[in-house]
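All residue numbers in this chain count up from 1 along the given sequence. Remember, it's a predicted structure, so these values are computed and weren't measured experimentally.
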Amino acid sequence: MHDYKENTELINLDAWSDGQMRSKLWLCNVLEKDFSNQTKPVEIWIMGSWYGLLAQLLLVRERVNIKRIRLFDIDPNVIRVSEKMLIPWIIENRVEIIHHQMDCTQIPASLWNTRPDVVINTSCEHFQN
């Protein structure tokens with residue numbers, strides 16, 4: 001595992017490893033098959049967003065009509081990096097991107113009222129049960 005320092009933020013380069021990228025691209029293909037023909041924009045929640053890479057891949061590929069992405073991560077460092085990486089879509093107002101620094105097992109019930117179309121949990125292996 002290698003780390004890279006960007007200003008004061010330490011970035012774990014394993015997030016861009018072959019296995020990580022292949023799994024995210026596989027998931028993009030699956031989501032695109034299910035949602036590419038849908039005209040209604042979708043809301044996607046990503047638990048364990050780890051630098052927002054999955055969100056960035058979905059946005060760059062432009063094959064799913066996305067209205068909002070909520071990214072959840074417990075690590076404030078990955079949230080800061082994700083905010084920097086995803087800023088072009090925020091500036092262009094192409095999609096609403098909301099970052100939540102929190103444990104995804106602690107999402108308040110009121111937030112679930114927004115009813116996401118897709119919930120992706122990329123960190124199942126970190127759950128105790």
Side-chain angles (χ1 to χ4, degrees):
M1 174 179 3
H2 300 288
D3 293 329
Y4 169 77
K5 193 161 186 161
E6 161 90 17
N7 297 327
T8 60
E9 294 153 5
L10 197 59
I11 299 173
N12 183 339
L13 295 179
D14 186 48
W16 285 265
S17 71
D18 183 62
Q20 290 290 335
M21 294 306 290
R22 282 180 189 266
S23 65
K24 287 172 179 56
L25 289 169
W26 171 84
L27 184 53
C28 286
N29 285 325
V30 170
L31 290 171
E32 290 162 1
K33 284 178 189 170
D34 288 343
F35 290 99
S36 62
N37 293 327
Q38 186 170 319
T39 56
K40 176 187 168 263
V42 297
E43 178 167 338
I44 300 172
W45 289 17
I46 303 173
M47 314 297 182
S49 62
W50 208 19
Y51 304 115
L53 290 175
L54 177 58
Q56 186 180 35
L57 287 171
L58 287 166
L59 293 167
V60 166
R61 291 162 63 98
E62 296 183 324
R63 296 179 189 157
V64 177
N65 185 4
I66 301 171
K67 71 174 174 185
R68 180 180 304 122
I69 299 177
R70 291 186 184 268
L71 298 111
F72 298 84
D73 208 291
I74 200 166
D75 184 345
N77 182 52
V78 301
I79 294 290
R80 283 190 298 274
V81 172
S82 178
E83 288 171 338
K84 288 179 184 178
M85 287 180 49
L86 297 174
I87 200 150
W89 289 273
I90 296 169
I91 290 172
E92 294 177 11
N93 200 27
R94 290 172 46 194
V95 63
E96 184 179 6
I97 300 172
I98 304 168
H99 289 85
H100 299 274
Q101 183 196 334
M102 68 172 58
D103 182 329
C104 62
T105 65
Q106 304 297 316
I107 297 172
S110 60
L111 195 53
W112 285 103
N113 290 338
T114 61
R115 300 233 169 159
D117 298 290
V118 179
V119 177
I120 302 165
N121 182 354
T122 64
S123 53
C124 297
E125 72 276 13
H126 299 291
F127 285 22
Q128 291 188 4
N129 59 36

Return the minimal non-hydrogen interatomic distance between Ala55 and Ile46, and the atom names on each side.
-> N-CD1, 3.9 Å

Can you name the nearest heavy-atom pair linking Asp117 to Val42, along with the distance?
-> OD2-CA, 3.2 Å

Hey, could you give me the [atom1]/[atom2] distance between [X] and [Y], rounded to the nearest 0.5 Å?
| X | Y | atom1 | atom2 | value |
| --- | --- | --- | --- | --- |
| Lys24 | Met21 | NZ | CE | 7.5 Å |
| Leu71 | Ile120 | CG | CD1 | 9.5 Å |
| Ile44 | Leu59 | CD1 | CG | 8.0 Å |
| Ser49 | Leu86 | OG | CG | 8.5 Å |
| Leu58 | Ile66 | CG | CD1 | 5.0 Å |

Hits for side-chain hydrogen bond (donor to acceptor under 3.5 Å, both in side chains) against Asn37, two or more places apart or cross-chain, chain-then-number order -> none

Output all residues satisfying side-chain hydrogen bond (donor to acceptor under 3.5 Å, both in side chains) with Glu96, sequence neighbours left out; order by chain, then residue number.
-> Arg68

Taking only residues two or more places apart in sequence or in another chain, which ones pass side chain to side chain contact (heavy atoms under 4.5 Å, CB included) with [X]?
| X | result |
| --- | --- |
| Ser17 | Asp14, Gln20 |
| Asn65 | Pro41 |
| Leu25 | Leu57, Arg61 |
| Ile107 | Trp45, Met47, Phe72, Met102, Cys104, Leu111, Trp112 |

Just jot down the salt bridge (charged side-chain N to carboxylate O under 4.0 Å, His left out) partners of Arg115, sequence neighbours excluded, or say none.
-> none

Please list, chain by chain and in numerical order, all residues satisfying salt bridge (charged side-chain N to carboxylate O under 4.0 Å, His left out) with Arg63, sequence neighbours excluded.
-> Glu32

For the side chain of Ser82 and the backbone of Val78, is there at least one donor-acceptor N/O pair under 3.5 Å apart?
-> no

Could you tell me whether the side chain of Asp73 and the main chain of Ile79 form a donor-acceptor pair under 3.5 Å?
-> no

Side chain to side chain contact (heavy atoms under 4.5 Å, CB included) between Ile69 and Ile98, worked out | CA-CA 6 Å; Ile69 299 177; Ile98 304 168; over 6 Å; no

Under 4.5 Å between side-chain heavy atoms, hopping through other hydrophobics if needed: is there a path connecting Trp50 to Ile74?
-> no

Kindly write out the residues that satisfy ring pair (Phe, Tyr, Trp, His ring centres under 6.0 Å) with Tyr51, not counting sequence neighbours, or none if the list is empty.
-> Trp16

Could you list the residues that satisfy ring pair (Phe, Tyr, Trp, His ring centres under 6.0 Å) with His99, not counting sequence neighbours?
-> none

Hey, what else clusters with Ile91 if you join Ile, Leu, Val, Met, Phe, Trp, Tyr whenever side-chain heavy atoms sit under 4.5 Å?
-> Ile87

Within a radius of less than 6.0 Å around NZ of Lys33, do more than 12 heavy atoms belonging to other residues, nucleotides or ligands occur?
-> no

